[in-house]
Engineer: 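One structure, as structure tokens, below. Some questions next.
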Amino acid sequence: MEIVIETRPWRDVECDWLVVAVPQEEGFPPELSAVDETLDGLLSRLREQEDLTGKLAEVQPVYEVPNVAARRLLLVGLGQLKELETGKLSKAYAAAARSMSSKKDRTVAVLPAPLDGTHWPIDRQAQVITTALVVGCVGQGLFRSEPERFEFREVRLVVSESHEEAAREGAERGRILGEAINLTRELVNRPPSEIFPASLAARAEQLAGELGVDCTILDEPRLRNERMNALLAVAAGSDRPPRLVVLDYRGAADDAPTLALVGKGVTFDSGGLSLKSSENMSTMKSDMAGAATVLGALTAIARLKLPVNVTAYMGLVENLPSGSSYKVGDVLTARNGVTIEVQNTDAEGRLVLADVLSYAVDRGADRIIDLATLTGACVVALGEQVVGVFGNNQPWCDLILAAAKDCGEDAWQLPLFDHYAEQIKSEVADVKNIGGRWGGAITAAKFLEKFVSDRPWVHLDIAGPAFASNSKSHREGGATGCMVRTVVEVARRFASET
Ligand code: BES
Ligand code: MN
Ligand code: ZN
């Protein structure tokens, strides 16, 4: 998809669709009054007829447009301007993108939102809008003979000459982020017979090669050498051997601190011998979303050339029942020596992460973020659209919460009080892999905490938001690519802070 910055007057820009954003407040801001005037009062008439509410993400196509080169007009609501934030701006343009992408080869022109004189610089707007368009025109119908969604042929961002450079830079960043999100979505949406540990590792290696990022893949013998017995136990039931992918991006000096991104990559989670019901298993191709997110984020960090050192770790296994599966009652010795009593083979993500986290610590991680579709309990606690945030270091948590907020991604911190550790005490080992009925998202995080040593660490439970059960006007069902933006933003802040 081509993205160009247009400095011609907007009325002269040829396109299939011209997108104009409309606030909900009564009366149009000056930029919009000018548009209205050119269109012979079309917008005012629509508003009088109550056909143009300006409600957030409400779209209104207009097929006959006077006095302009555009063939059609798409009006999209911004909601109340004084309440506008990144997530809402993004939602509005994503809804617009979705409504324009049902036909092939469309050329789309976009006017910036009427935000002159607000705290919205043009580069930021261009970034958010471009990401929304890049993500919004790609669907999950990878295997449909009649796809419902088509990438735009070209996007033309219409700005004044004085804004050209800023818009170009913002749009470029926005495109890189959008493509990273789409990469993550594609990997999560692909079926588990295509995406398994070795194939996902190969894809990561290929991407790393294209980006000039160092890639190391640990296969089964090397994982055994590294004593990753917890990860290996989860993998034991599958005919597909596990992998650990390590991607080293070095954008800063060798002695600069390293940010570690750790992703849960269970390419299919059947539950193992503690088998899931068919219903609960139905979306478990998405259980590698954490790994896909760290990969997506790392590609963006590398393409943006952020001045920071980041290492991404993808712990890749398949959790299946068979004669070679690990069993309930097994005791595993994790890589760092902690012994784990297995009481449920469906609590496998924390076992994989345990070994990968301790490996990241030993490889010199200065700060850690892990991302995992870890617990159904987190979805019970926070719902399907909010990321659970847990950590052992409040300033590091705060940095991630602030980045998420600025990216328009909803995330909420849950506590890790000491007493939760009692729930995962075992009679036979140091710890057990389930913590009982209450506070399941927290006891899972409490388990992970035992493997990060003293490093500032944040765990993001993305079990709810990573995979959407249905489509909405502003986003496609299936994989969402949630937290790619936030992780990239965290890397940017980490760079400027250290
Ligand atoms: N991958 C699941 C968690 C999950 C559930 C992700 C729903 C996305 C949507 C994880 O491996 C799991 O099975 N967790 C168990 C833990 C339990 C056995 C302690 C769960 O949440 O039920
Ligand atoms: Mn599971
Ligand atoms: Zn799982």
Side-chain angles (χ1 to χ4, degrees), residues 188-189 192 195-197 200 230-231 233-238 242 262-293 314-321 325-330 340-356 370-388 390 414 420 423-424 426 431-448 459-470 477-480 482-483:
V188 175
N189 279 333
I195 302 287
F196 49 87
L200 186 47
L231 182 151
V234 177
S238 169
V262 174
K264 169 180 173 182
V266 177
T267 58
F268 185 70
D269 182 14
S270 72
L273 292 178
S274 311
L275 195 64
K276 286 182 185 293
S277 67
S278 303
E279 197 194 334
N280 286 342
M281 210 187 289
S282 65
T283 57
M284 283 302 127
K285 68 173 182 182
S286 69
D287 212 21
M288 34 59 78
T293 306
M314 304 160 67
L316 305 176
V317 302
E318 208 174 50
N319 186 23
L320 291 180
S325 290
Y326 78 132
K327 300 172 190 76
V328 175
D330 272 345
I340 305 167
E341 180 189 6
V342 176
Q343 286 210 330
N344 189 317
T345 63
D346 197 11
E348 85 297 339
R350 66 199 74 182
L351 301 174
V352 174
L353 290 175
D355 281 338
V356 181
D370 80 67
L371 293 105
T373 46
L374 201 64
T375 65
C378 195
V379 194
V380 172
L382 297 176
E384 285 185 285
Q385 302 185 49
V386 179
V387 175
F390 310 79
L414 294 170
Y420 287 109
Q423 284 176 248
I424 51 172
S426 160
V431 65
K432 61 184 178 187
N433 78 329
I434 53 173
R437 178 142 184 217
W438 310 118
I442 297 176
T443 50
K446 210 65 197 162
F447 181 97
L448 299 180
H459 159 58
L460 300 175
D461 194 332
I462 56 172
F467 197 83
S469 47
N470 55 0
T480 60
C482 79
M483 296 316 264

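Both counts, for ligands and for their atoms, begin at 1 and track the order of listing.
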Engineer: Any sub-3.5 Å donor-acceptor pair from D461's side-chain atoms to T375's backbone N or O?
Structural biologist: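 At least one qualifying donor-acceptor pair exists.
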Engineer: Which heavy atom in W438 sits nearest to a heavy atom in Q423, and how many Å separate them?
Structural biologist: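 Heavy atoms of W438 and Q423 come nearest at O-NE2, 3.0 Å.
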Engineer: Pair N319, S270 - check side-chain hydrogen bond (donor to acceptor under 3.5 Å, both in side chains), show working.
Structural biologist: CA-CA 6 Å; N319 186 23; S270 72; 5.2 Å; no
Engineer: Using a 4.5 Å cut-off on heavy atoms from C-beta on, say whether the side chain of M483 contacts that of V387.
Structural biologist: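 V387 reaches M483 side chain to side chain.
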Engineer: Report the protein N/O/S neighbours of the Mn ion (ligand 2) that fall below 2.8 Å; do not count waters.
Structural biologist: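 The answer, once waters are left aside, is D269 OD2, D346 O, D346 OD1, E348 OE1.
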Engineer: Give every residue pair that meets the salt bridge (Lys or Arg N to Asp or Glu O under 4.0 Å) criterion with at least one member in residues 278-290, sequence neighbours excluded.
Structural biologist: K264-D287
Engineer: I'd like the contact residues of ligand 1, where contact means a heavy atom below 4.0 Å.
Structural biologist: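 Protein residues near ligand 1 are K264, D269, K276, M284, D287, N344, D346, E348, R350, T373, L374, T375, G376, I434, A463.
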Engineer: For Y420 versus T443, what's the shortest heavy-atom pair and its separation?
Structural biologist: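 Heavy atoms of Y420 and T443 come nearest at O-CG2, 4.0 Å.
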Engineer: Quick one: does T345's side chain have a donor or acceptor within less than 3.5 Å of a partner on K327's backbone?
Structural biologist: no
Engineer: Closer than 2.8 Å to the Zn ion (ligand 3), what protein N/O/S atoms do you find?
Structural biologist: K264 NZ, D269 OD2, D287 OD2, E348 OE2
Engineer: Quick check: closest heavy atoms across L320 and S325, and the distance to 0.1 Å?
Structural biologist: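 Where L320 meets S325 most closely, the heavy atoms are O-OG, 2.8 Å.
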Engineer: At their closest point, which heavy atom of A230 faces which heavy atom of I340, and how far apart are they?
Structural biologist: CB-CD1, 4.3 Å
Engineer: To the nearest 0.5 angstrom, please state how far the CG atom of L382 sits from the CD atom of E384.
Structural biologist: 12.0 Å
Engineer: Between S274 and N344, do the side chains contain a donor N or O and an acceptor N or O under 3.5 Å apart?
Structural biologist: yes
Engineer: Okay, side chain of Y326, backbone of A236: is any donor-acceptor separation there less than 3.5 Å?
Structural biologist: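 Checking the backbone N and O of A236 against the side chain of Y326, no donor-acceptor pair under 3.5 Å is found.
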Engineer: State whether the side chain of S238 and the backbone N or O of A235 hold a donor-acceptor pair below 3.5 Å, judged by distance alone.
Structural biologist: no
